[in-house]
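Every chain is numbered from 1, with letters handed out A, B, ... down the list of sequences.
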Amino acid sequence: MMRLLALIFLLGCFCPAHNAGAEPQPYFYPFVNPYEATVMELPKAFEAKLPEEIPAREFTLRVFPKREIPGVFWYENGLVCSIARQNHRAPLIFVIAGTGANHDTPRMKKLQKAFYQGGFHVISITSPTHMDFVVNASAGLPGDSLDDANDLYRVMKLAYEKVRDKIDVSGFALTGYSLGAFNAAFVAKLDEEEKRFNFSKVLLINPPVSLYDSVSALDQLLVDNVPGGMGKFDPWFRSVFAEFASVTKGMEPGGLSGEFLYNTYKRLPPSEEKLAALIGLTFRMSAANMIFTADVMNGGGYIIPKNAKLTATTSLTRYAIVSFNTRFIDYFNEWFLPSIQAKEPGLTRQALLERMSLRSIEPYLKSAGKIGLVHNEDDIILAPGDIGYLQEVFGDRARIFPTGGHMGNMFHPDVVTAMIGFLTGKEDGHGNNP
Amino acid sequence: MGIIHERRSLAMITLPALLFLCGCSTLPEVAPGTPPPKRTFESTVKGDKPQMLDVSDSMEGFNRGTYRYNYYFDEYFMRPVVRTYEFIMPDYAEDRVSGAIDNIGDVGNFTNNLLQLKFKAAGITLGRVLVNSTAGVAGLWDPASKWGLERHPEDFGQTLGHYGAGNGSYIVLPILGPSNVRDTAGLVAGTAAFNLVGPAAWVNDSAINTAYTATSSVDKRHRIPFRYRQTGSPFEYDLLRMLYTMQRENDVAN
């Protein structure tokens, strides 16, 4: 059962790792369907080679030491980050996780290994949309590009203070994937003003162009692909559950590897609609987690009554049902926009939407030679025309792969080489001393 | 659902103590006169059809408290023990231990297949026990599976379900985790049977039985990839409850 649980909930969190192969070959990716590419892990044969173990350890930040954590989040006790340290002078890179991901998801761990192997000290940071971050480190509502950047910047400064005595740092770099890449762009811009890190390189991995468009598209994947519509969600989910259970029943327990998912998939090829719906579902759940958590931390009024006291034994079932039935768009329209408008009178809906888009910092992105981009032409979070736009903005600092879906190819050797190559300023991607 | 463990008796001892520790109030405290939130259950969920997440849970306050207790137990005791076990033991040896424990568990599977009149599965299971206990050296290896004799896991909870017993309310057992009234009854009966007529009764040596109990507990945790908080969701309790219930309904139906 736990495997199934993990399968459903971590659908978006699988990904492999590795290092360039010995001989250059044309880019080849085995999944040409973008939904497949997004969900499936690269078969081992196609993965870049990453170290088995690296010297990584966790540390905890008390971002707001006086903040009282509500009893319902009894398991929260500070924001956990992790660092992988080189034993010599090296640049430090911050990695920001994508939507709903924390610092130690499989994908974040593999990125940490990839950048460590590329010669960096690596600090991994949980997404501002993850419950842990919202409880411990968000100053307000998550989702606004500027507020999230401020929250992240505060965390990065504290994280560096915490470890600076133990590492010898030659410079700073910044990266993130998906929403984390989007966040990274805004943090980079903030750093231009505050100059705390003076990042020498910033790499955006599969960012959305417009946050609102991307999350709407992801949510629509669920709405459009549950047969009979969302009113039929329960029977649909039960049937998917039964199908997976029938395939996984006879399998040996032993972890939820990508290999496991791949084998399950091979034995029971889900339809494209099913894959799309599951991607949408994963996203909907991340959004629900964030919305509920933000509501509790901001005193309620949206899903829970104002100032309701929720403890470790309070039933959350009804709030869970409401949260899972709330789209990001609902959150935006009903709560987020009015809250921001209350703080910034005169701010229009359109202006806020623009602020939540890379377009709002286009001149900066165009002129900043230190910011690079890795993306895929068939990424499912992009709207039509977005890839052309990104190519135009980033020019030769953009590396666009033809296939790979949304981050499915992140640990393809060519992608890893491109990432490390840009960050170290070396074409072959193996520089140790950028 | 695997093997029956004597550590369950530990659970039965801690259970009453926990009942006192955990409050049973499950509704949030709200100041009088507080307006309802913008999105209420009534305004969001159309119609009155039953919700998948809304599983019968009459002791919810206690269950959520136990869930928290289990999290700490797992985090600070069980997983460190399992990590040590995994550090000391080569993977190959871990798999042999799992095999031996599964082999003993097949005795229970045989009984329950028989009780459910699944004679073919019972026959296969009996064949497995015979082959694996001999050619497989007490189950250290599993030649039976290679010969096409697949496992047919059935426990007493499934047997009760087979004869029409409903789930009953959801229960989180201390240390053991998700269950329900029917499965808990099955567990108690299964444990009693195991102690009376199972391998525990064949070997009248408490040291060996204790070693078996400890090893099987560690092996079981070693084989479950679940980690608390891995969902990253404030609704992990609700999600687990739903998935456990669906899984067991599936198990009973098949």
Under 4.5 Å from a heavy atom of chain A, the part of Arg241(B) involved | side chain

Would you give the length of the straight line joining atom CG of Leu239(B) to atom CZ of Phe324(A), rounded to the nearest 0.5 angstrom?
-> 4.5 Å

Consider only side-chain N and O atoms of Asp54(B) and Thr317(A), and report whether a donor and an acceptor are under 3.5 Å apart.
-> no

Parallel, tilted or perpendicular: which describes the rings of Phe235(B) and Phe292(A), with under 30° parallel and over 60° perpendicular?
-> tilted

Roughly how far apart are Phe237(A) CZ and Leu243(B) CG, rounded to 0.5 Å?
-> 5.5 Å

Name of the residue among Thr314(A), Val72(A), Thr311(A), Leu316(A) meeting side-chain contact (heavy atoms from CB on, under 4.5 Å) with Arg64(B) = Leu316(A)

Using non-hydrogen atoms only, which part of Glu236(B) is less than 4.5 Å away from chain A: side chain, backbone, both, or neither?
-> neither

What closest approach, in Å, do Ile303(A) and Pro37(B) show between heavy atoms, and which atom pair accounts for it?
-> O-CG, 3.2 Å

Let me know if Tyr72(B) has heavy atoms under 4.5 Å from chain A in its side chain, its backbone, both or neither.
-> side chain

Interface residue of largest heavy-atom contact number with chain A, from Arg229(B), Gln51(B), Glu75(B), under 4.5 Å = Arg229(B)

Leading residue by heavy atom contact count with chain B [cutoff under 4.5 Å; candidates Asn102(A), Ile304(A), Thr293(A)] | Ile304(A)

Interatomic distance, Met290(A) atom CE to Ser233(B) atom OG [nearest 0.5 angstrom] = 13.0 Å

Search all heavy atoms of Pro28(B) against all heavy atoms of Leu310(A) and return the closest pair with its distance.
-> CB-CD2, 3.3 Å

Name the region of Glu94(B), side chain, backbone, both or neither, that has any atom closer than 4.5 Å to a heavy atom of chain A.
-> neither

Would you confirm whether Arg39(B), through its side chain, and Asn325(A), through its main-chain N or O, come within 3.5 Å as a donor-acceptor pair?
-> yes

Residue part contacting chain B, namely of Thr126(A), when any heavy atom lies under 4.5 Å = neither

Between Lys38(B) (side chain) and Glu334(A) (backbone), is there a donor-acceptor pair under 3.5 Å?
-> yes

Contact class of Tyr71(B) relative to chain A, heavy atoms under 4.5 angstrom | side chain

Where is the tightest heavy-atom contact between Arg68(B) and Ala312(A), given as atom of each residue plus distance?
-> NH1-CB, 3.5 Å

Kindly give the heavy-atom pair with the smallest separation between Ser315(A) and Glu60(B), and that separation in Å.
-> OG-OE2, 2.7 Å

Between Asp57(B), Thr40(B), Thr34(B), Val45(B), the one whose heavy-atom pairs under 4.5 Å with chain A are most numerous | Thr34(B)

For chain B, find which of Asn307(A), Asp295(A), Asp330(A) contributes the most heavy-atom pairs closer than 4.5 angstrom.
-> Asp330(A)

Could you tell me whether the side chain of Tyr228(B) reaches within less than 4.5 Å of the side chain of Tyr75(A), counting heavy atoms only?
-> no

Closest non-hydrogen atom pair, Ala320(A) against Leu53(B) = CB-CD1, 4.1 Å

In Å and rounded to the nearest 0.5 Å, what is the OG1 to CZ distance from Thr44(B) to Arg318(A)?
-> 10.5 Å

